[in-house]
Protein chains: 2
Amino acid sequence: MTTSTKTRSYGEARGRLLDAALHVIRSRGYAAATVDDICREAGVTKGAFFHHFKSKEDLAVAAAAHFASFADAIFSAAPYRALPDPVDRVLGYVALRKAILMGELPEFTCLLGTMVQEAYETHPVIREACDRYISEHAAFVEQDIAAAMAARGIESDWSAGSLALYTQAVLQGAFILAKAKHGPAVAADCLDHLHRYLDLLFNGQARPAPAPLEGPP
Amino acid sequence: MTTSTKTRSYGEARGRLLDAALHVIRSRGYAAATVDDICREAGVTKGAFFHHFKSKEDLAVAAAAHFASFADAIFSAAPYRALPDPVDRVLGYVALRKAILMGELPEFTCLLGTMVQEAYETHPVIREACDRYISEHAAFVEQDIAAAMAARGIESDWSAGSLALYTQAVLQGAFILAKAKHGPAVAADCLDHLHRYLDLLFNGQARPAPAPLEGPP
DNA sequence: GAACAAAAACCAACCGGTTGGTACTTTCTT
DNA sequence: AAGAAAGTACCAACCGGTTGGTTTTTGTTC
């Protein structure tokens, strides 16, 4: 490729806009995030914005997809995935989510939950996008849950799907409390309770949540 | 009193604005809810708005208080409060919350959770108000939880306060999922899981195979 | 020099907030 | 008890700044 480095960034405006949208929307919400804000954060002009996205709503949908694929990459590649016991993988998922709570608030918060709360009535397209990606992630967790149920021979009046969605609800709620209290401590406590619930369901006893693991092979 | 009934409504604009704010903000979010929207919904002019509230932010704080006292009235007077066993009261609380999920989406949703998600960074006053009222409600639930722990002689590594906040997190998360999926069914499932967790903690029932630790007094 | 990407200037609609005035209630005075 | 005075509740029109979005112009790549 004869990629000249004369201009420091040519052809990467779209990606920068997506990243900027992620940050701005997560800290200010969708409606309060102006297109100018996002352009400023991305270091890009408005013309570039409307060259890549046909509307603010369009960007929101694209940002949802961007966020989802980013999350997907993280969790698919996480060390806990290698654990042999599916129950350990379910608990490992919660442990990893707890570990992620370390950073700044707008960085561990969920874009999908933030957007859908504002847009569910007024922007059906955004609602659908958020629903799809949340459900996809829940389905990802559901796999391990279903395997865990099979491994423990659990017959219950609840489904693997409903439990997977429940984990997502706890996460979303934990984020809201973290925002209200301006810190991740509450959220961590909530994940401990979720961990305890899962442990009770699958192991019949609540063991202390392990420290976020180093990756075994 | 010579109260003339000539004018159908005099002196109730403030209350109508608060109710309107509740409805509009819950369906559109704080930032997207314009002052004009709220005035239209209340059937009141903008002049009246700024006579009673010095800014939109000021209204938000008042609406939070309004919502909180409304909720407080409901839960304080609920029949489940009369149950003698504190554990039943804790479970009764969850059952009542599930029953409330029947109505339209913007009617069972939590104003505090909705607002704090958008405003936590940009409107500290709103954040504080939401935090306070959420925490107060959690403290209300905490009373029964603490009594339930005492009644069952539970010694644990979790506190009554953290469990109370956890119930609120589950509720907030359930609302988000309900918005994403455009219906209360998911939220009901989440409350079932919460109910099961509390039942496991306090009654130890539905416990799978391995007999676990009995809590000696 | 096509074709595409990005910048800059621009616009109509809209938003939160203000103004100055009117209707209604209460309180004070007599 | 009448009525003036004061205070409160409300209204309609308006304002300056901002918003999402467009159009025109400049630059880059093949």
Side-chain angles (χ1 to χ4, degrees), chain A residues 1-22 24-25 27-64 115 118-119 122-126, chain B residues 1-21 24-25 27-64 66 115 118-119 122-126:
Chain A
M1 319 289 190
T2 56
T3 311
S4 83
T5 40
K6 251 178 169 178
T7 331
R8 44 157 198 180
S9 62
Y10 190 85
E12 61 182 43
R14 199 189 135 94
R16 300 180 57 156
L17 280 167
L18 285 174
D19 287 337
L22 227 111
V24 176
I25 295 179
S27 52
R28 254 171 288 209
Y30 172 72
T34 72
V35 173
D36 285 309
D37 284 340
I38 295 171
C39 291
R40 198 179 314 122
E41 173 86 15
V44 155
T45 62
K46 236 190 201 178
F49 181 100
F50 285 99
H51 172 73
H52 288 287
F53 307 99
K54 73 174 201 285
S55 69
K56 187 187 168 187
E57 194 181 50
D58 188 36
L59 167 78
V61 173
M115 285 202 306
E118 301 179 62
T122 44
H123 301 262
V125 204
I126 297 180
Chain B
M1 323 294 179
T2 55
T3 312
S4 85
T5 40
K6 250 179 170 175
T7 331
R8 41 158 200 181
S9 64
Y10 188 83
E12 60 183 41
R14 200 189 133 94
R16 300 180 55 159
L17 280 167
L18 285 174
D19 287 336
V24 175
I25 295 179
S27 52
R28 256 170 286 205
Y30 172 73
T34 73
V35 174
D36 285 310
D37 284 341
I38 295 171
C39 291
R40 200 178 313 124
E41 173 87 15
V44 156
T45 63
K46 238 189 201 175
F49 182 101
F50 284 99
H51 172 73
H52 289 285
F53 308 99
K54 71 175 203 287
S55 67
K56 186 187 169 188
E57 193 181 51
D58 188 36
L59 167 78
V61 173
H66 182 61
M115 285 201 306
E118 300 178 62
T122 45
H123 300 261
V125 205
I126 298 181

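Quick note on labels: first sequence line is chain A, next is B, and so on, each numbered from 1.
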Looking at residues 50-61 of chain B, who's got a heavy atom less than 4.0 Å off DNA chain D?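 DNA chain D contact set from residues 50-61 of chain B: His51(B), His52(B).
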
Minimum heavy-atom distance between Asp37(B) and Ala32(B), given as atom pair plus value: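 Of all heavy-atom pairs spanning Asp37(B) and Ala32(B), the closest is OD2-O, 3.9 Å.
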
Nearest heavy-atom pair of Val44(B) and Ala13(B): which atoms, and what distance?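 Distance-wise, the nearest heavy atoms are CG2-CB, 4.0 Å.
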
Which nucleotide, dA12(D), dA7(C), dG20(D), lies nearest any side-chain atom of Thr45(B)?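 Given the options dA12(D), dA7(C), dG20(D), the side chain of Thr45(B) is closest to dA12(D).
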
Mind checking [X] for me? I need base, sugar-phosphate or nothing, with any heavy atom below 4.0 Å counting as a touch.
{"X": "Thr34(A)", "value": "sugar-phosphate"}
{"X": "Ala42(B)", "value": "nothing"}
{"X": "Ala48(B)", "value": "base"}
{"X": "Ala33(B)", "value": "sugar-phosphate"}

When you match Tyr30(A) and Gly47(A) each to their closest nucleotide on DNA chain D, which lands nearer the 5' end?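 This one resolves to Tyr30(A).
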
Any side-chain heavy atom of Glu118(A) within less than 4.5 Å of one from Tyr30(B)?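 Sidechains of Tyr30(B) and Glu118(A): no contact.
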
Verify, without hydrogens or angle tests, whether Glu57(A) (side chain) and His123(A) (backbone) share a donor-acceptor contact under 3.5 angstrom.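 Side chain of Glu57(A) to backbone of His123(A): no pair is present.
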
Working to the nearest 0.5 angstrom, can you tell me the gap between Leu59(B) CG and His66(B) NE2?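 Here the interatomic distance stands at 10.5 Å.
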
Nearest-0.5 Å distance, CZ of residue Phe49(B) to CG of residue Asp58(B):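 If I round to the nearest 0.5 Å, the distance is 8.0 Å.
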
Send over the distance from [X] [atom1] to [N] [atom2], rounded to a whole Å.
{"X": "Phe49(A)", "N": "dA9(C)", "atom1": "CZ", "atom2": "P", "value": "20 Å"}
{"X": "Asp36(A)", "N": "dG17(D)", "atom1": "CG", "atom2": "P", "value": "16 Å"}
{"X": "Arg40(B)", "N": "dC11(D)", "atom1": "CZ", "atom2": "P", "value": "15 Å"}
{"X": "Arg14(B)", "N": "dT8(D)", "atom1": "CZ", "atom2": "P", "value": "15 Å"}
{"X": "Lys46(B)", "N": "dG20(C)", "atom1": "NZ", "atom2": "P", "value": "17 Å"}

May I ask you to decide whether Arg16(B) forms a salt bridge with Asp19(B), counting only side-chain N to carboxylate O separations under 4.0 Å?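 A salt bridge is absent here (no side-chain N lies under 4.0 Å from a carboxylate O).
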
